[in-house]
There are 2 protein chains.
Amino acid sequence: MKEGPDIARIAALIGDPARANMLTALMSGKALTVSELAEEAGITIQTASSHLSKLDEGGLLRPRKQGRHKYFSLASDQVAHVLEGLMGLAAGAGHLRRRTGPKDAELRQARVCYNHLAGDMGTQMFDSLIAGGHLRLDGEDLSLTETGAGLVTGLGIDLGALQKGQAALCRECLDWSERRSHLAGSLGRALLSRFEELSWARRDQKTRVVSFSPNGVTEFERLFGSG
Amino acid sequence: MKEGPDIARIAALIGDPARANMLTALMSGKALTVSELAEEAGITIQTASSHLSKLDEGGLLRPRKQGRHKYFSLASDQVAHVLEGLMGLAAGAGHLRRRTGPKDAELRQARVCYNHLAGDMGTQMFDSLIAGGHLRLDGEDLSLTETGAGLVTGLGIDLGALQKGQAALCRECLDWSERRSHLAGSLGRALLSRFEELSWARRDQKTRVVSFSPNGVTEFERLFGSG
DNA sequence: TCTATGCTTCGATTAGGATCGAACTATGAA
DNA sequence: TTCATAGTTCGATCCTAATCGAAGCATAGA
């Protein structure tokens, strides 16, 4: 009678309207701050903070501190999957929220974040590397797998030289427009440099926009295509 | 900001310990009466009755009156699927319930997930079917190949009858104890039924444990052996 | 250093709902 | 009919947890 995992704890976490609203907002895949989630749920920041620590403790969220902000995203695809299932039960047809309208299209598509690729293409590359098993995320630590090393070397990047430096090879970076992770660290920097060397991409001199050539787009899609 | 399906309402229904216990009991696939479910949850019949009408109103259960008894079962595979997903999250968060007894080991080896085989043997069968080319996984879609159809028919299952129903033939279901996929859908259900018909396996009356006979183990290994 | 902002903690209040006793209805058996 | 069993409804109690004001930290920027 009392066997199996404690499903009630998790379900009760999702079962509060305020928390459910926050989780629904996070289904966009974006990371959101405490204040944003508070507004999303229609409650004060204090209350939101309390809710978020409960959700975190329950393993549903993944928090990341960045400066004085604290970003939350869903802990895993598994969580998203369960939430979607619940939505299916609740309505059968209800669906996701609309996205925020693109303001500066070029910037949102591809731009430089310090020294690596950010924006839509940055997150796409990151997601593809994870999905393809080239990059592995263990808690906070990001590491390159063997197949990932092969992919990078195949692009003509000297991995040994990168590993000599004292900077981390792989790091997650969260940027403000997509609110999702993309690849930073020395590898992230090397990849963008390599794209430029291959004339796949070119940085605009005055803005942070990164423009891809037609050939660059093709190659990028071949390597990191979502289809 | 309050648009979209009301996931909180459904999750709150599952989030009460007493109701969660009843739902977990119903994961065995059997229909249970109000009194049985009350005992299962450790509450009085009055309270159980109140809970059950709420679950019914929420669309999670399917009630059937039979004489002066009222039998409840889960409303659909979809409900079972969400419950199994929640178990996966709970198990992942380390919120396993209480003592791990010998029952727990049996549950992990082979159990009923609503109406199909789960646990170690469930995932083993699934993996074997994939590896043998009997089942093909394309993204989210799972389909039976020609050789798979042959295998199933050879077991004495009427594939044509299954395909007539409106339920999906093959579906993936995530296993909370193994954290891997096993086979759900009408085919998953048919396979378990067939194992029972052949006296290879037998469901425990009170728990979700599935016990295989010595001969059943042999046959199962012959068909889905990992060697 | 000082100020502004983002978040957390503490305490008090309050509302919702889980629970059970008791009474009531419905079905089946004698 | 009368009795027994299964389930529902009602009312009162009680307890959990959501909520927010206020104060306390922590970080960024000047």
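Note that the structure is predicted; figures quoted are calculated from it, not measured.
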*To the nearest 0.5 Å, tell me how far M125(A) CE sits from L117(A) CG.*
5.5 Å
How many whole angstroms separate atom [atom1] of [X] from atom [atom2] of [N]?
{"X": "L52(A)", "N": "dG6(C)", "atom1": "CG", "atom2": "P", "result": "16 Å"}
{"X": "L55(A)", "N": "dT8(C)", "atom1": "CG", "atom2": "P", "result": "12 Å"}
{"X": "K70(B)", "N": "dA26(C)", "atom1": "NZ", "atom2": "P", "result": "13 Å"}
{"X": "E39(A)", "N": "dG6(C)", "atom1": "CD", "atom2": "P", "result": "12 Å"}
{"X": "L37(A)", "N": "dG6(C)", "atom1": "CG", "atom2": "P", "result": "14 Å"}
{"X": "L32(B)", "N": "dA6(D)", "atom1": "CG", "atom2": "C1'", "result": "15 Å"}
{"X": "I45(B)", "N": "dA23(C)", "atom1": "CD1", "atom2": "P", "result": "17 Å"}
{"X": "H69(A)", "N": "dC7(C)", "atom1": "NE2", "atom2": "P", "result": "7 Å"}

*How would you label the contact of S53(B) with the nucleic acid (heavy atoms, under 4.0 Å): base, sugar-phosphate, or nothing?*
nothing
_Applying salt bridge (charged side-chain N to carboxylate O under 4.0 Å, His left out), can you list everything that pairs with R171(A), at least two apart in sequence or on another chain?_
none
_Close side-chain approach of M27(A) and E84(A), heavy atoms under 4.5 Å_ =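 In contact.
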_Quick one: does any side-chain atom of T145(A) pair with a main-chain N or O of H134(A) as donor and acceptor, under 3.5 Å?_
yes
_Given 3.5 Å as the limit, does a donor-acceptor pair link the side chain of H116(B) with the main chain of C113(B), or not?_
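At least one qualifying donor-acceptor pair exists.
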*How would nucleotides 17-30 of chain D be written as a contact map, 5' to 3', with B for base contact, S for sugar-phosphate-only contact and - for no contact, using protein heavy atoms under 4.0 Å?*
-SSBBB----BS--
*Heavy atoms of other groups near R194(A) CZ, more than 12 under 6.0 Å*: yes
